Amino acid sequence: MINKQEIIDRFISYVTVDTEADPNSETTPSSAKQWDLAHALTKELISIGMKDVTIDNNAYIMATLPSNVDHKVPAIGFISHFDTTPDFTGANVKPQIIEDYDGKDIVLNAEEDIILSPDYFEDLLLYKGQTIITTDGTTLLGADDKAGIAEIITAMKYLIDHPEIKHGDIKVGFTPDEEIGRGAHKFDVEKFGADWAYTMDGSQIGELEYENFNAAGAVVTIKGKIVHPGYAKGKMVNSMYIATEFINSLPRLETPEHTEGYEGFFHLCAINGEVDKTTLEYIIRDHDKGHFEARKEVMQKLAFELNSQYEREVITIDIKDQYFNMKEKVEPVIHIVDIAEEAMKQLDIKPLIKAIRGGTDGSQLSYMGLPCPNIFAGGHNFHGRYEYVPVESMIKATEVICKIAELTAEKYKK
C-alpha cells in the first residue's frame, strides 16, 4: 500500500517551492528559481536509491531504476515537469488539506471571499469523502505537474522497497519550462534510453490520452500612423481600430470558451496597443492536421485582405508551429496505451481515453522518437486559484506507474 502521508508530505514540499516559468526569458530553465526544486529532486532521487542520476546544464533530470528480472524487457519511462505556469502566481503557495471532504463549499480565503464550490466545479463531488489539497485562494497550487513528480518518485521508492514486484529498466525524467512550450526542446531522448514513456501530466483520475492538439503561435503586428489628433483628418491611421477589424473578422464561436472535444480554436492571448502600433498574440489549436493548416491560412488571408483594403502593408503576421498531434506516432505502437489501460482496469480505475485539449511534453517527445502517451496525475482546475488535487487520485496514479512496470515485465517474459 502506498503511504498516504508520505505522498502528501512529498507533494507539499514541492509545491511550496516557486518554479514559475518565464516566457520572456531565453535561458533554460527560463527562471533561475526552477533550479531550487531541480537540485532538490536530484538529491531525493539519489537518496531513495535510484541509479545514474544526472542533471544537465539546462536542469533536465534523468535517473534509472535497474531491472530486477533476468529476461529482456523494453525500458519504459515516466516523465513530469517541475515548472508552473506564468498565467497565475506560484509564489508563497500555502496548501490547505481538507480531510473527508463533505461535498459542500470549501472556503479558500475568507478574507477575500474566495470559494471553491461544487455548484461551479462539479467534479468536486467525485471526491466526496476523500482528502483534497487546495490553495489558499491567492496562488495556484502546482499540481500541474508536481503531482506527477510526487507520484513518480513515490512509485520508484515503493518499487525499490518491494523487490518482489518484478520490472524491467525504468527511466525517470523531470523537465523545466513545459508550461511555456519548451519542456522537450532540450530533452536528450538517446541519453534517456527508454523504448517508450508516459507523461504523468493529466487531470481527472482515469485519464489516458494519446491524442492532442496541433499547435501554433501567431504574433500579429499592426502598424498605424500617429499625428496630432487636432490635425489628424486624412492622416492618422489608428492601429487599434485595424486590430479590432482583424479580431472581429475571425470566427467568433471558434474560441476556447465556445469549443470542446475535438473542436479547434483561435485564442487571443494578449493585446498591446497604441495608435502607432498594436500587437496581438494568438494561439491556434486543432486536432485535425488539415483543419490546423486551414486555420493558419485563414489568418494569413485575413492579413492580406486588410492590407489590400488599406493599400499598404499595415499588418504582418508571424506564425510558428509549436507541437503536433502525437496520435500519428503512438498509434503504430498502440500496445503501450493498451498496457496502461490494462493497468488501470486491474486497479479498478475506469480508463477515460480521450483527446487532450492542449499538449504535453509527450506530444513533442513522440515526434523526437519517444512515443509518449499521457496519464492522469489527479489535479483539477490547473493554472489558477481554484486548483486542487485529491490525495487518493495521486495514490492511484502511483499505483498505475507500479502496475505498468509490472505488466510490461510480464508481457515480455518468455
Side-chain angles (χ1 to χ4, degrees), residues 10-11 13-23 25 27-42 44-45 53-63 77-88 90 93 140-156 171-189 191-192 194 197-203 207 209 212-213 215 322-323 326 356 358-368 370 372-379 382-383 387 389 394 397-398 401:
R10 179 167 283 127
F11 174 70
S13 74
Y14 300 159
V15 300
T16 50
V17 180
D18 181 9
T19 57
E20 183 178 322
D22 179 3
S25 168
T27 64
T28 304
S30 62
S31 54
K33 54 192 171 184
Q34 290 185 59
W35 282 107
D36 296 337
L37 184 55
H39 287 308
L41 292 172
T42 303
E44 186 174 10
L45 288 167
V53 180
T54 63
I55 180 168
D56 69 14
N57 292 333
N58 296 304
Y60 286 78
I61 301 166
M62 296 183 183
F78 295 94
I79 298 169
S80 290
H81 64 91
F82 50 78
D83 65 308
T84 59
T85 180
D87 291 350
F88 202 71
V93 173
L140 51 69
L141 180 61
D144 180 12
D145 189 24
K146 293 169 184 176
I149 294 175
E151 292 151 9
I152 291 171
I153 291 185
T154 303
M156 294 305 103
K171 306 291 183 174
V172 167
F174 301 140
T175 70
D177 293 336
E178 189 269 357
E179 293 292 0
I180 55 174
R182 305 180 201 163
H185 284 191
K186 297 181 180 180
F187 191 97
D188 190 333
V189 169
K191 176 186 173 183
F192 192 56
Y198 303 91
T199 48
M200 302 300 298
D201 195 17
S203 181
E207 284 186 351
E209 301 152 323
N212 61 277
F213 276 138
Q322 296 169 324
Y323 53 82
M326 74 172 91
I356 307 170
T360 69
D361 280 344
S363 57
Q364 295 184 56
L365 291 170
S366 293
Y367 280 85
M368 294 165 65
L370 182 66
C372 200
N374 191 45
I375 293 174
F376 72 93
F382 295 148
H383 296 198
E387 186 181 4
V389 62
M394 288 198 292
T398 304
I401 293 170

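Keep in mind that what you see is a predicted model, and the values were worked out from it rather than measured.
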For residues [X] and [Y], determine if any side-chain heavy atom of one lies less than 4.5 Å from a side-chain heavy atom of the other.
X: Phe382; Y: Glu387; answer: yes
X: Asp144; Y: Asp201; answer: yes
X: Met394; Y: Thr154; answer: no
X: Asn58; Y: His185; answer: no

query = Can any side-chain N or O of Arg10 pair as donor or acceptor with the backbone N or O of Ile149 at less than 3.5 Å?
reply =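 No, because the side chain of Arg10 does not come within donor-acceptor range (under 3.5 Å) of the backbone of Ile149.
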
Spatial distance of atom [atom1] ([X]) from atom [atom2] ([Y]) [nearest 0.5 Å]:
X: Asp22; Y: Ile180; atom1: CG; atom2: CD1; value: 7.0 Å
X: Lys171; Y: Ile152; atom1: NZ; atom2: CD1; value: 14.5 Å
X: Ile356; Y: Asn374; atom1: CD1; atom2: CG; value: 4.5 Å
X: Ser25; Y: Arg182; atom1: OG; atom2: CZ; value: 6.0 Å
X: Glu20; Y: Phe88; atom1: CD; atom2: CZ; value: 10.5 Å
X: Thr54; Y: Ile61; atom1: OG1; atom2: CD1; value: 8.5 Å

Should the ring pair Phe187 and Tyr60 be called parallel, tilted or perpendicular, given that the plane angle runs from 0 to 90° and is split at 30 and 60?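 The rings of Phe187 and Tyr60 stand perpendicular, inter-plane angle above 60°.
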
Search all heavy atoms of [X] against all heavy atoms of [Y] and return the closest pair with its distance.
X: Ala63; Y: Leu45; value: CB-CD1, 4.1 Å
X: Trp35; Y: Ala59; value: CH2-N, 3.4 Å
X: Val389; Y: Ala143; value: CB-CB, 4.1 Å
X: Ser366; Y: Met326; value: OG-CB, 3.8 Å
X: Ala197; Y: Pro373; value: O-CD, 3.2 Å
X: Ile79; Y: Cys372; value: CD1-SG, 4.4 Å

Centroid separation under 6.0 Å, is that true for the rings of Tyr14 and Phe82?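 Distance test on ring centres: not under 6.0 Å, no.
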
TODO: Report the residue from Asp83, Thr28, Asp177 that forms a side-chain hydrogen bond (donor to acceptor under 3.5 Å, both in side chains) with Gln34.
DONE: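 Single side-chain hydrogen bond (donor to acceptor under 3.5 Å, both in side chains) partner of Gln34 among Asp83, Thr28, Asp177: Asp177.
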
For Thr19, run the side-chain hydrogen bond (donor to acceptor under 3.5 Å, both in side chains) check against Lys33, His81, Lys146 and tell me which one passes.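 Single pass found, and it is Lys146.
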
inquiry  = List the residues meeting side chain to side chain donor-acceptor pair (under 3.5 Å) with Asp145, not counting sequence neighbours, and say none if there are none.
reply    =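 Only Ser80 meet the side chain to side chain donor-acceptor pair (under 3.5 Å) criterion with Asp145.
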
Decide side chain to side chain contact (heavy atoms under 4.5 Å, CB included) for Leu370 and Met368; before the verdict, give the C-alpha distance in whole Å, the side-chain angles of both, and the deciding distance to 0.1 Å. CA-CA 6 Å; Leu370 182 66; Met368 294 165 65; 5.8 Å; no

*asked:* Hydrogens and angles aside, do Asp361 and Thr175 bring a side-chain donor and acceptor to less than 3.5 Å of each other?
replied: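 Per modelled atom types, Asp361 and Thr175 side chains form a pair under 3.5 Å.
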
Report task. Under the side chain to side chain contact (heavy atoms under 4.5 Å, CB included) rule, what do Asp56 and Met62 come out as? Steps first, then yes or no, please. Result -> CA-CA 9 Å; Asp56 69 14; Met62 296 183 183; over 6 Å; no

Is there a side chain to side chain contact (heavy atoms under 4.5 Å, CB included) between Leu365 and Phe192? Walk through the geometry before answering.
CA-CA 11 Å; Leu365 291 170; Phe192 192 56; over 6 Å; no

